[in-house]
Amino acid sequence: MANLEAIRHSASHVLAQAVLRLYPTAKLGIGPAIDNGFYYDFELPTPLIPEDLIKIEAEMKSIIKENLPLIKETLSKQDAMKRLQASGQTFKQELLADLPDSEAITFYSQGDFSDLCKGPHAAYTRDIKAFKLQKISGAYWRGKESNPMLQRIYGIAFETKDELAAYLTLLEEAEKRDHRKIGKELDLFSLQDKAGAGLVYWHPKGARIRHIIESFWKDEHFRNDYELVNTPHIGQSWLWETSGHLGFYNENMYAPMKIDDQDYYAKPMNCPFHILIYNSSLRSYRDLPLRWAELGTVYRYERSGVLHGLLRVRGFTQDDAHIFCTPEQMENEIFEVIRFSKSILSTLGFDELSFYLSTRPEDSVGDPARWEQAENALRKALSMEGITDYQVDEGGGAFYGPKIDIKIKDALGREWQLSTIQFDFNEPERFDMTYIGSDGNKHRPFMIHRALLGSIERFFGILVEHYAGKFPFWLSPEQFRILTINDSEATLNHAKSTLDHLKCLGFRGTLDDRNEKLGLKIREAQVQHIPFALIIGDKEAQASQIALRKRGEQSTTLLSLDEVEALFKGLQTQKVN
RNA sequence: GCCGAUGUAGCUCAGAUGGUAGAGCAAACGAUUCGUAAUCGUUAGGUCGGCGGUUCGAUUCCGCCCAUCGGCUCCA
């Protein structure tokens, strides 16, 4: 694999060489290997257009054909600087200036191209056997908005042509599953461009799925000893001053609205409201832990350029909960959240999870001893759950507390972060939260924020892509559709009574008794990914049977209504496909 | 917000170097009664994203705005 990384890195050098050949005045930024490929940043006299990639790619191919050796040179910092000054590579000079004086500086060159780089690289350009330039984008020099924007060219590279082809197939598959596309095709949701960017409209079928997920979510919370709370969408400014959001989260909050001469803010988070409920009465250690969950809709300002379908929006519903507990309880609380999260995610179709622990950053608030206690609780809970292969991001926690994030892998092997379990040492202080301990004194409770799905909108987008719109039976907005073959009285009667029966049992379905050919009706049911087509004609009516055709299958099975009912009930309770 | 691209019928898309636009699917209506992924016909449907400018005339050229797409940055 290190080899592959070297190949990708070398591909980026070849890209830079090709660009310099075509645009001799180009200035080079950075050009690393990344997942699946590489990129290189350039400052160019003109903007690149997609057709330019074809030319650049052709130039790269000829460089590869020349089979130039990639040669490593070691220079002193002074000599390196001289070389970069000679070539006029100002960005590279900046990079070099930041390197320690004592360090030996390495350059890699192939042919007439030479680049400041720590390597390693492939031996010859011919080692780059399978690559493709993908796209052009803007990228700030060193990722800073105050810096000039460079033009970034992305490419993908693999060891073999087959692997490259497989990756391209994966990209195609991802495109087919794009939740924005499927959302339109299945009429699940929309974003109304004239009514505001990043605001989601759930259509009946999408809203139905959402309802199923939310009902399941609520039931499971009650079963797991949570209580539900509901809180307002707006709150007065003192709340956000007290919580600190107006200080550190201001950029993400919308301007206030005036009500009776008071400033009210749309909530970007639910926590201050839950804290108000906590503070509404005196709490004893006997009351703890308190676990309060809410599907709370929040509004956050996101810059226009980052909005993306359901995955990045401006108004969304968090499946939020806050746990208030004593120091003795927190370990078990964390453990329970992890267990609960695993169970919810698994039922919703995600079994491959990975765990990430983030610890105290340099700038943090709260008692260091509490941080340590909390971090230990997180580690212990993970090991109690038998999770040993989690990754640790030292210093990667929020300023107010350490956390565990859980990522899932979808059907295409892509990772998404869903659950997050986060300590908060900031807000309990700021709101002066207390409970009376067994010693009769006031103590500060531990506060844990947690979301299992993250946001309902984002989760739904991921779910659509995971299932490619073919939702399992229990989640399908339309679980079955009865298709009539003709409009004889016997057929229609049998179809209608079947529909009534199944609907009475709580199953979701419709009757397609249009005067259309069966082939068309089947096609439409398939295109809509309806789990079962129940086909009824005179033969079925006479025998009191139903020809059941499962989604994606060509064959049908003749069943009695009782048998269909049993099948459906089984799928519904087991929550499987 | 920034870089680049895009915005034509409900959907997917075509089109004119400035003279107000089409196709397929969907829709409505009619015919067809047809057993496992698309029956046929007719009709209707568009201030060509919005506003302003240039022009005799703008969907086409220019400017601004909005939205979308790919990234940067950021995050649920």
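So you know, we letter chains A, B, ... as the sequences are listed, proteins then strands, and number each from 1. The figures that follow rest on heavy atoms only: side chains count, while hydrogens, waters and symmetry mates do not.
- Among the atoms of the strands shown, base atoms are found under 4.0 Å from some heavy atom of A/Gly138.
- Atom OH in A/Tyr39 sits about 15 Å away from atom C1' in B/C3, given to the nearest Å.
- Distances shorter than 4.0 Å separate some side-chain N or O of A/Arg549 from OP1 or OP2 on B/A37.
- Between A/Trp141 and A/Phe91, the ring planes are tilted. Angles from 30° to 60° get that label.
- In this structure, A/Glu185 reaches neither bases nor backbone, as no heavy-atom distance under 4.0 Å exists between it and the strands shown.
- Ring geometry for A/Trp240 against A/His245 counts as perpendicular: the plane angle is over 60°, on a 0 to 90° scale with 30° as the lower cut.
- Nucleic acid contact for A/Asp319: none, since no nucleic acid atom lies under 4.0 Å from a heavy atom of the residue.
- Residue contacts shown for A/Arg180 are limited to sugar-phosphate atoms, with no base heavy atom under 4.0 Å away.
- Here the P atom of nucleotide B/C2 and the CD atom of A/Glu145 are 10 Å apart, to the nearest Å.
- Across all strands shown, A/Tyr301 has heavy atoms under 4.0 Å from sugar-phosphate atoms exclusively, and none from any base.
- The phosphate of B/C72 (OP1 or OP2) has a side-chain N or O of A/Tyr154 nearer than 4.0 angstrom.
- A/Val298 comes within contact range of no nucleotide atom at all, as no heavy-atom separation falls under 4.0 Å.
- Between A/His466 and A/Phe350, the ring planes are tilted. Angles from 30° to 60° get that label.
- Under 4.0 angstrom from either OP1 or OP2 of B/G71 there lies no side-chain N or O belonging to A/Arg303.
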Check your understanding: So what's the dot-bracket for RNA chain B: Watson-Crick or G-U pairs under 3.5 Å, [ ] if a pair crosses, | if it pairs off-strand?
Key -> (((((((..((((.....[..)))).(((((.......))))).....(((((..]....))))))))))))....
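- Contact annotation for A/Ala197: backbone-only contact, meaning every heavy-atom pair under 4.0 Å involves sugar-phosphate atoms and none involves a base.
- A parallel orientation is assigned to the rings of A/Phe324 and A/His322, their planes being inclined by less than 30° (bins at 30° and 60°).
- Nucleic acid contact for A/Gly305: base, since at least one base atom lies under 4.0 Å from a heavy atom of the residue.
- Remark: the A/His449 side chain and the A/Gln422 side chain contain no N/O donor-acceptor pair separated by less than 3.5 Å.
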Table of protein N/O atoms under 3.5 Å from nucleotides 12-14 of chain B N/O atoms:
unit_1 : atom_1 : unit_2   : atom_2 : d
B/U12  : OP1    : A/Lys184 : NZ     : 3.2

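- For residues 25-46 of chain A, the pairs satisfying ring pair (Phe, Tyr, Trp, His ring centres under 6.0 Å) are A/Tyr39-A/Tyr154, A/Tyr40-A/Phe42, with sequence neighbours left out.
- A/Lys144 comes within 4.0 angstrom of nothing in the nucleic acid, heavy atoms only.
- One finds no side-chain N or O of A/Ser137 lying less than 4.0 angstrom from the OP1 or OP2 phosphate oxygen of B/G4.
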